[in-house]
Amino acid sequence: MSPSVFNFNDAKEKFTSATRSALDTKTSKPLINIFNQLSGNETEKKTTLDQALRCVLEGEIIKQKASCDDFLALIYLSIDGVTEGICSATTPFLLLGDVLDCLPLDQCDKIFTFVEENVSTWKSVCLFQLSSLLAVPL
């Protein structure tokens with residue numbers, strides 16, 4: 001029996017659906033379940049989840065109906081993903097950069113406050129070691 005081939009598009013679709021479910025339930029369990037169910041190596045699954053998280057964020061930004069709290073919920077979810085070892089340590093920084101790039105400056109205040117209030121999270125070992133250089137441009 002040959003190992004099953006990793007299908008990026010199918011995996012991204014499953015991760016996107018699981019991300020929406022995770023946001024609704026405020027837990028990363030749907031993402032963890034999909035991550036464990038998918039065939040493929042860890043790197044393939046992590047990069048696909050990273051992309052799915054960014055696509056969900058993109059959709060929220062494009063709709064222009066999402067609030068800063070919705071964006072922050074997705075960033076929190078990505079931090080949980082890093083802690084659980086299912087997404088890349090750079091993902092929360094990339095999502096944060098995407099949000100700051102797309103929001104008008106007057107709406108960024110809440111995002112800046114979030115960053116300031118969670119300095120200990122940003123400095124945690126799992127995020128800081130791999131992502132310290134990404135935080136500099138932010």
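Hydrogens, waters and symmetry mates play no part in the numbers below; they use all other heavy atoms, side chains included.
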Can you list, pair by pair, the side-chain donor-acceptor contacts under 3.5 Å of residues 101-114, counting residues two or more places apart and other chains?
{"unit_1": "Lys110", "atom_1": "NZ", "unit_2": "Asp69", "atom_2": "OD1", "d": "2.7"}
{"unit_1": "Lys110", "atom_1": "NZ", "unit_2": "Asp69", "atom_2": "OD2", "d": "3.2"}
{"unit_1": "Thr113", "atom_1": "OG1", "unit_2": "Asp109", "atom_2": "O", "d": "2.9"}

Report summary line: Asp70 meets the side chain to side chain contact (heavy atoms under 4.5 Å, CB included) criterion, sequence neighbours left out, with Ala66, Ser67
**Report entry** Non-neighbouring partners of Asp80 that pass side chain to side chain donor-acceptor pair (under 3.5 Å), sequence neighbours left out
**Finding:** none
Query raised in the report: Any side chain to side chain donor-acceptor pair (under 3.5 Å) pairs touching residues 54-63, not counting sequence neighbours?
Result: Arg54-Asp98, Glu60-Lys63
Requested in this report: Kindly state each residue pair satisfying side chain to side chain donor-acceptor pair (under 3.5 Å) with at least one member in residues 11-26, sequence neighbours excluded.
Outcome: none
**Report entry** For Glu117, side chain to side chain donor-acceptor pair (under 3.5 Å) partners two or more places apart
**Finding:** none
Query raised in the report: If you group Ile, Leu, Val, Met, Phe, Trp and Tyr whenever their side-chain heavy atoms sit less than 4.5 Å apart, what else falls in with Phe8?
Result: Phe6
**Report entry** side chain to side chain donor-acceptor pair (under 3.5 Å) partners of Asn7, counting only residues at least two apart
**Finding:** Asp10
Query - side-chain contact (heavy atoms from CB on, under 4.5 Å) assessment of Val56 paired with Leu23 - result: CA-CA 10 Å; Val56 170; Leu23 288 170; 4.3 Å; yes
Query raised in the report: Heavy atoms, side chains only, cut-off 4.5 Å: are Leu95 and Phe71 in contact?
Result: no
Report summary line: In this structure, CG of Leu38 is separated from CG of Leu49 (nearest 0.5 Å) by 9.5 Å
Query - Ala18: side chain to side chain contact (heavy atoms under 4.5 Å, CB included) partners, not counting sequence neighbours - result: Pro30, Leu31, Ile34
Report summary line: residues 10-40 vs ring-ring contact (aromatic ring centres under 6.0 Å, His included), sequence neighbours excluded, gives none
Query raised in the report: When rounded to the nearest 0.5 angstrom, what is the spacing between OG in Ser78 and CG in Leu53?
Result: 6.5 Å
Query raised in the report: About how many Å separate CD1 of Ile86 and OG of Ser28, when rounded to the nearest 0.5 Å?
Result: 6.0 Å
Query - Interatomic distance, Leu57 atom CG to Leu77 atom CG [nearest 0.5 angstrom] - result: 11.5 Å
Report task. Sequence neighbours left out, what pairs pass salt bridge (charged side-chain N to carboxylate O under 4.0 Å, His left out) with at least one residue falling in residues 84-93? Result -> none
